[in-house]
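Order of the sequence lines sets the chain letters (A, B, ...), proteins ahead of strands, with each chain counted from 1. Quantities reported herein were computed from a predicted structural model and do not represent experimental measurements.
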Number of protein chains: 2
Amino acid sequence: MNAALSQLQAEIQQSSPFPSVQEEAVLSILRTADLIRTAIANLLAPAAITMQQYNVLRILRGAGSAGLPTLAIGDRMIESAPGITRLLDRMEAKGWVSRERCKLDRRVVYARISGEGLRLLAGLDEPLRASTVLSLTGVEESALGQMIQLLASVRQSIHPGAAAPTCEGVIGEASPTKSNQTSSSRRKHS
Amino acid sequence: MNAALSQLQAEIQQSSPFPSVQEEAVLSILRTADLIRTAIANLLAPAAITMQQYNVLRILRGAGSAGLPTLAIGDRMIESAPGITRLLDRMEAKGWVSRERCKLDRRVVYARISGEGLRLLAGLDEPLRASTVLSLTGVEESALGQMIQLLASVRQSIHPGAAAPTCEGVIGEASPTKSNQTSSSRRKHS
DNA sequence: GATCAATAGTTGACATGACAATGATTGTTG
DNA sequence: CAACAATCATTGTCATGTCAACTATTGATC
């Protein structure tokens, strides 16, 4: 086994110039996503807001004045609950959101976007939409439509049966980390 | 695939419709990349290795027995130098790599993959290649080729003039971090 | 040959993300 | 109603990424 192993090692040290089309496609997606993420992060940086925080703000704006429980935000972002708590901590410290414990169920904490948060979003929406990241001049719309379909089929191929969670135009969502299951099935609340 | 597409559209339109095909395309890319990242992370998890560490190992394997200076690894991963140092710290602690100071230029530290690191990689290559993530059954190869080209044009549109570095089959590469050139001045070597 | 700038790498401080465990509250069941 | 389980949110701890500052070494300049 040692002989075979070292042979394998020697072989490996030279190999890996051109993998499969599949691998190249995966690399392309990852590389492009990174580029997009970086570009958006750069756009948001002047406002001292991260992509995750921006997403939370957009979700809360969508939720309206009623606000949203912490875990409900987590569901929409597919992000773990602890992350949301700390995200909200920092955003509350910056005055973008406010939190209030629910009176009916004192376990629940509602988060609401503040006027300042709304102003921040309002000032960011346009620059984002106008940037090269979201305008994508140079790529025809028909091509983009094609790509959207292709990416959908890629997702389907990777993880069949996983419906895309609702995200109201959220820019970058987190990953479910481990075997992603939709935990949004049991949401009753009153 | 039409099902997935219309589902995505339907879900999003109910809360807030996509303002543009461009934005939908960007979201699709981000969502797909996240799915891929999660899937790969799950594949690597049993080996207790992260994607970044896996990338470093592959880069070092490609570098051969000569090894590679720390910053050279950072260049290939487009990752900041401090991150590489600490990444190598943990990987050295696990016995996957070894480091040695260069005798000619004592500022330089060469990192080399160890036999254990090579064995780890060898055991990981096949599961990765066999997984749904990199096999992408269900998507025709011609479609993948199309998508690769489309993604390339998207990258071009976002960040013109930045030719993607080759990266020897690295699975997930980091982003150029902050503002496309903030720290690139340090990154000038030949 | 001493001084100074550039380079390679490291460390410190901080933000973030993940998993596990815990606290507080509510609902359920005997 | 008392004990228990479930739920929501939080905190603890660790891994990681980033920026800024630092050390050690090299090369260049006078």
Side-chain angles (χ1 to χ4, degrees), chain A residues 34 37-38 41-42 45 48-53 55-56 68-75 77-94 99-111 172-180 183 186-190, chain B residues 34 37-38 41-42 44-45 48-56 68-75 77-94 99-111 172-179 182-190:
Chain A
D34 266 344
R37 254 184 254 273
T38 302
N42 287 341
I49 185 175
T50 66
M51 270 177 56
Q52 294 293 340
Q53 292 171 343
N55 287 341
V56 170
L68 220 53
T70 302
L71 288 194
I73 301 173
D75 277 351
M77 298 185 59
I78 328 181
E79 169 138 347
S80 62
I84 300 297
T85 293
R86 285 175 179 130
L87 217 46
L88 289 177
D89 285 345
R90 299 177 203 109
M91 296 175 69
E92 192 178 23
K94 293 190 179 186
R99 281 190 283 189
E100 188 184 7
R101 202 163 275 277
C102 175
K103 291 174 183 61
L104 300 179
D105 186 340
R106 295 187 46 75
R107 293 169 299 183
V108 177
V109 173
Y110 275 86
E173 72 278 23
S175 52
T177 307
K178 293 273 181 177
S179 66
N180 46 7
S183 61
R186 57 191 186 264
R187 182 150 310 277
K188 30 133 200 267
H189 214 303
S190 57
Chain B
D34 265 345
R37 253 184 255 274
T38 302
N42 286 341
L44 295 178
I49 185 174
T50 66
M51 270 177 59
Q52 294 292 341
Q53 293 171 342
Y54 178 74
N55 285 341
V56 170
L68 219 54
T70 300
L71 289 193
I73 300 173
D75 278 349
M77 297 185 60
I78 326 181
E79 169 138 347
S80 63
I84 300 297
T85 293
R86 287 174 178 130
L87 215 45
L88 288 177
D89 285 346
R90 298 180 204 106
M91 294 174 71
E92 191 178 22
K94 293 191 179 188
R99 281 191 282 190
E100 188 182 9
R101 202 162 274 277
C102 175
K103 293 174 182 60
L104 300 177
D105 186 342
R106 294 188 45 74
R107 293 170 300 184
V108 178
V109 173
Y110 275 87
E173 72 279 24
S175 52
T177 318
K178 294 287 178 178
S179 76
T182 301
S183 61
S184 63
S185 52
R186 296 183 51 80
R187 184 137 310 150
K188 209 169 77 81
H189 79 299
S190 55

Colleague: Just to confirm, is there a sub-4.0 Å distance from OP1 or OP2 of dT16(C) to any side-chain nitrogen or oxygen of Q52(A)?
Modeller: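 For Q52(A), the contact criterion (side-chain N or O under 4.0 Å from OP1 or OP2 of dT16(C)) is not met.
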
Colleague: Is a side-chain N or O of K94(B) found less than 3.5 angstrom from the main chain of A48(B), in a donor-acceptor match?
Modeller: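 Indeed, once roles are kept as given, a pair shorter than 3.5 Å links the two residues.
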
Colleague: Please report the distance, rounded to the nearest Å, between CG in D75(B) and C1' in dA8(C).
Modeller: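 So the two atoms are 12 Å apart, to the nearest Å.
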
Colleague: Return the minimal non-hydrogen interatomic distance between K103(B) and R106(B), and the atom names on each side.
Modeller: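 Distance-wise, the nearest heavy atoms are O-CG, 4.1 Å.
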
Colleague: Residues two or more places apart in sequence or in another chain: which of them pass side chain to side chain donor-acceptor pair (under 3.5 Å) with E92(A)?
Modeller: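 If we apply the side chain to side chain donor-acceptor pair (under 3.5 Å) test to E92(A), skipping adjacent residues, the hits are R99(A).
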
Colleague: Which heavy atom of I49(B) sits nearest a heavy atom of L44(B), and at what distance?
Modeller: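 Taking every non-hydrogen atom into account, O-CB, 3.3 Å.
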
Colleague: Starting at the 5' end of DNA chain C, which residue's closest nucleotide do you reach first, T70(B) or P82(A)?
Modeller: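 With T70(B) and P82(A) compared, the 5'-side residue is T70(B).
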
Colleague: Quick one: D105(A) CG to dA24(C) C1', roughly how many Å, whole number?
Modeller: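 One finds 11 Å between C1' of dA24(C) and CG of D105(A), rounded.
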
Colleague: Nearest whole angstrom, please: distance from the P of dT16(D) to the OH of Y54(B).
Modeller: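 To the nearest whole Å, that distance equals 17 Å.
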
Colleague: Answer yes or no: does a side-chain N or O of R37(A) lie under 4.0 Å from OP1 or OP2 of dG17(D)?
Modeller: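 Indeed not, no polar side-chain atom of R37(A) lies that close.
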
Colleague: Please report the distance, rounded to the nearest Å, between CZ in R107(A) and C1' in dC8(D).
Modeller: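 These atoms are roughly 6 Å apart.
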
Colleague: For residues G74(A) and I84(A), report the shortest heavy-atom separation together with the two atoms involved.
Modeller: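 Heavy-atom minimum between the residues: CA-CG1, 3.6 Å.
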
Colleague: Measure from CG on N55(A) to C1' on dT16(C) and round the result to the nearest Å.
Modeller: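 So the two atoms are 14 Å apart, to the nearest Å.
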
Colleague: In whole angstrom, give the distance that lies between atom CD1 of I73(A) and atom C1' of dG17(C).
Modeller: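 Checked: the CD1 to C1' distance equals 16 Å.
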
Colleague: Tell me the closest heavy-atom pair linking Q53(A) and M91(A), and the distance in Å.
Modeller: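 Of all heavy-atom pairs spanning Q53(A) and M91(A), the closest is O-CE, 3.3 Å.
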
Colleague: For T50(B) and dA15(D), is the shortest distance between a side-chain N/O and OP1 or OP2 below 4.0 Å?
Modeller: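 Checking T50(B) against dA15(D): no side-chain N or O falls below 4.0 Å of OP1 or OP2.
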
Colleague: Among residues 83-91 of chain B, which contact DNA chain C at a heavy-atom distance under 4.0 Å?
Modeller: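 Those residues whose heavy atoms fall under 4.0 Å from DNA chain C, taken from residues 83-91 of chain B in numerical order, are T85(B), R86(B).
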
Colleague: With a 4.5 Å limit on heavy-atom distance, are the side chains of L88(B) and V109(B) in contact?
Modeller: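 Result no, sub-4.5 Å side-chain heavy-atom pair not found.
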
Colleague: To the nearest Å, how far apart are R101(A) CZ and dA24(C) P?
Modeller: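 Nearest whole value for this atom pair: 10 Å.
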
Colleague: May I ask you to verify if any side-chain N or O of S80(A) is less than 4.0 angstrom from the OP1 or OP2 atom of dA18(C)?
Modeller: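 For S80(A), the contact criterion (side-chain N or O under 4.0 Å from OP1 or OP2 of dA18(C)) is met.
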
Colleague: So, under a plain 3.5 Å distance rule, would you say the side chain of R106(B) forms a donor-acceptor pair with the base of dT25(D)?
Modeller: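 Side chain to base: no pair present.
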
Colleague: Please tell me if Q53(B) has a side-chain N or O lying less than 4.0 Å from either OP1 or OP2 of dT16(D).
Modeller: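 Yes, within the criterion.
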
Colleague: Rounded to whole angstrom units, what separation is found between the CE atom of M51(A) and the P atom of dG17(D)?
Modeller: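 So the two atoms are 16 Å apart, to the nearest Å.
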
